[in-house]
Amino acid sequence: MRAASLMAAVMLLTPAARAGFEAGAATADITPPPGYPMWGYAARKDKPAEGTRDPLTARALVLKTDAGKIALVGLDLGRAPTRESMARIRDGLKADGFTELFLVASHTHHGPVIELDTWPKDRPYVRELESKLVKLIKDADAARVPARYGIGATEVPLNRNRQSKRKDAPVDRELLVLRVEDLTGKPIAHAVNFAAHPTMHPAGLMRFSADFPGAMARHVEAATGGAPCLFLQGAAGDLSPNPPPGVTGPDAFGRTVGDSVLSLAKGVKCGGAGEKLAGRREELRFKAVLDVKNPFVRGALNDAFFPELIGFLEREYAAGVRPTVTTAVLDDRIGFVGLSGEFFCEHGLGLKRRARLPHLFVLGYCNDYQQYFPTIQAVSEGGYGTGLPVSVAELGAGERQADRALIHLYQLRGLVPDVP
């Protein structure tokens, strides 16, 4: 739903909640140990973190109907778990009957490197992270109770296009809030979808931090009795925060976003029926325009990354760029699209317009990560995120993924033939 003004547009779901709809939520601390390498800025290379400014948290929300079950997970990480990590996480949950998983990184640039899965040698952080996420999702699943849901949307002037110089540069200003509560009206969780890079701390700060999404979540949780607040990052590849006058730093900006979330959630009336829930996942393959084996390329990468990370990139792109598109639809009213990279906002805007759903969560940095996917028109303008070394897939890869997601959204509703 796209509002023409900054006034909130709240969707009222009128059917009575069914006994078959259940929801549960849980949180877990995923802060790395001291001295672990930080992710986010090339100048750091493999310099270890000096400590923790604020803890990194994972928050999970499980939604279940008689037809299916999904897990939404908000992560205070720079990227979602790798392909190998996702496989191990799915394997750890294979007996729990999940239709789909959506593990969404906030994209904080003050999180850990999770491509490095052998450090510390005695207890690798990445292996512990995988175990924590499996347990977190199981805990949220075990906490399920009969529930109902509602959703609200508004537009807020809190982000800006950082790439385009055009006067009509696209910006997705939608703030989308899913409220889930038990049958007494007590909140179980809030899921917040908004698109902006969490890069409000200086690169020189060598301490782990959740940046503004963490401050937003803590602010909302404090005001709602501790119910987990998931930040689900959007198509933020070309979007940065746009703090209003007088608001500086990630903490203040996070509270500002949180105030908008609370204002919107206050008007949401929960009554979602929770009758239908379907999902699917597809891995695509594109030509990689970055040849990591080329000695000149490898030399350039060596100036920006440490050897273990270069080795990871070589393995990741050896067979091309292989992003994952994950989709789900709840009650033919709410759609979820998970994309495993940094998608420019016009991809998200186009999906929302073309999906013909009342509300669509476009989730970037979801279920793995293959760097930037700019739009074709953005590539024609140039600028950061539109080319090497951070955009490594062939031109048009983002559009083709958006099209596949769109097809899935229509197939899941039975509106187009369910064929490959």
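Since this is a predicted model, take the numbers as computed values, not measurements. Atom set for the values below is all heavy atoms of this structure, side chains included, hydrogens, waters and symmetry mates excluded.
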### Task
May I have all residue pairs that pass ring-ring contact (aromatic ring centres under 6.0 Å, His included) and include part of residues 48-76, sequence neighbours excluded?
none

### Task
Report the distance from atom CG of Leu56 to atom CG of Leu77, rounding to the nearest 0.5 Å.
6.5 Å

### Task
With rounding to the nearest 0.5 Å, note down the distance linking CG in Asn242 to OG1 in Thr256.
11.5 Å

## Note on the structure
Contacts satisfying salt bridge (charged side-chain N to carboxylate O under 4.0 Å, His left out) that involve residues 71-81 (not counting sequence neighbours) are Arg59-Asp76, Arg79-Glu115, Arg79-Asp368

### Message
Apply salt bridge (charged side-chain N to carboxylate O under 4.0 Å, His left out) to residues Arg354 and Asp403 and explain how you reach the verdict.
### Response
CA-CA 10 Å; Arg354 296 194 293 159; Asp403 283 346; 2.9 Å; yes

### Query
Is it true that Phe21 and Tyr149 have ring centroids separated by less than 6.0 Å?
yes

### Message
Assess the residue pair Glu181 and Arg179 against the criterion (salt bridge (charged side-chain N to carboxylate O under 4.0 Å, His left out)); give the C-alpha distance rounded to whole Å, side-chain angles, the decisive distance to 0.1 Å, and a yes or no.
### Response
CA-CA 7 Å; Glu181 63 184 28; Arg179 176 183 169 91; 3.0 Å; yes

#### Entry: Residue pair Leu277, Thr99: steps toward the side chain to side chain contact (heavy atoms under 4.5 Å, CB included) verdict
CA-CA 9 Å; Leu277 181 59; Thr99 306; 5.6 Å; no

### Task
Please collect all salt bridge (charged side-chain N to carboxylate O under 4.0 Å, His left out) contacts where either partner lies in residues 224-239, sequence neighbours excluded, each pair once.
none

### Counterpart residues, salt bridge (charged side-chain N to carboxylate O under 4.0 Å, His left out), relative to Asp259 (two or more places apart)
none

### Query
Between the side chains of Gln163 and Tyr372, does any donor sit under 3.5 Å from an acceptor?
no

### Message
Do the side chains of Arg281 and Glu100 get close enough for a salt bridge, i.e. N-O under 4.0 angstrom?
### Response
yes

### Summary
CZ of Phe336 to CG of Leu409, rounded to nearest 0.5 Å, is 11.0 Å

### Query
Checking side chain to side chain contact (heavy atoms under 4.5 Å, CB included) for the pair Asp251/Arg218: CA distance, chi angles, key distance, verdict?
CA-CA 10 Å; Asp251 295 332; Arg218 293 190 296 269; 4.2 Å; yes

Acceptor/donor pairs from residues 226-234 side chains to any protein atom, 3.5 angstrom cut, sequence neighbours excluded:
residue	atom	partner	partner atom	Å
Gln233	OE1	Ala196	N	3.0
Gln233	NE2	Ser106	O	2.9
Gln233	NE2	Ala196	O	2.8

### Message
Nearest 0.5 angstrom please: Leu72 CG to Leu363 CG, how far?
### Response
7.5 Å

#### Entry: Electrostatic pair Asp91-Arg88, nearest N-O below 4.0 angstrom
no

### Query
Is the centre of the His107 ring less than 6.0 Å from the centre of the His197 ring?
yes

### Message
Rounded at 0.5 Å granularity, tell me how far NZ in Lys276 sits from CG in Asp332.
### Response
3.5 Å

### Message
As an exercise, state the distance from CZ of Arg83 to OG1 of Thr324, rounded to the nearest 0.5 Å.
### Response
6.0 Å

### Query
Given the rule in the side chain to side chain contact (heavy atoms under 4.5 Å, CB included) test, do Val392 and Gln370 qualify, once you have shown the distances and angles that lead to the verdict?
CA-CA 8 Å; Val392 299; Gln370 283 77 38; 5.7 Å; no

### Task
Run the numbers on Glu275 and Thr65 for side chain to side chain contact (heavy atoms under 4.5 Å, CB included), then give the verdict.
CA-CA 6 Å; Glu275 294 179 332; Thr65 73; over 6 Å; no

### Task
Can you run down the salt bridge (charged side-chain N to carboxylate O under 4.0 Å, His left out) pairs that involve residues 239-250, sequence neighbours left out, and say none if there aren't any?
none

### Query
So Arg400 and Glu394, salt bridge (charged side-chain N to carboxylate O under 4.0 Å, His left out) or not? Walk me through it.
CA-CA 11 Å; Arg400 287 162 62 186; Glu394 62 185 275; 3.2 Å; yes

### Message
Just so I know, are the side chains of Ile151 and Val268 near enough to count as touching, which here means a heavy-atom distance under 4.5 Å?
### Response
no

### Message
Under 4.0 Å between a side-chain nitrogen and a carboxylate oxygen: does that hold for Arg127 and Glu130?
### Response
yes

### Task
Start with the C-alpha distance between Lys135 and Asp139, add both sets of side-chain angles, then the distance that settles salt bridge (charged side-chain N to carboxylate O under 4.0 Å, His left out), and finish with yes or no.
CA-CA 6 Å; Lys135 183 180 183 301; Asp139 288 347; 2.8 Å; yes

### Message
Is a donor from one side chain sitting under 3.5 angstrom from an acceptor on the other, for Asn367 and Thr326?
### Response
yes

### Query
How are the rings of Tyr365 and Tyr369 set relative to one another: parallel (under 30°), tilted (30 to 60°) or perpendicular (over 60°)?
parallel

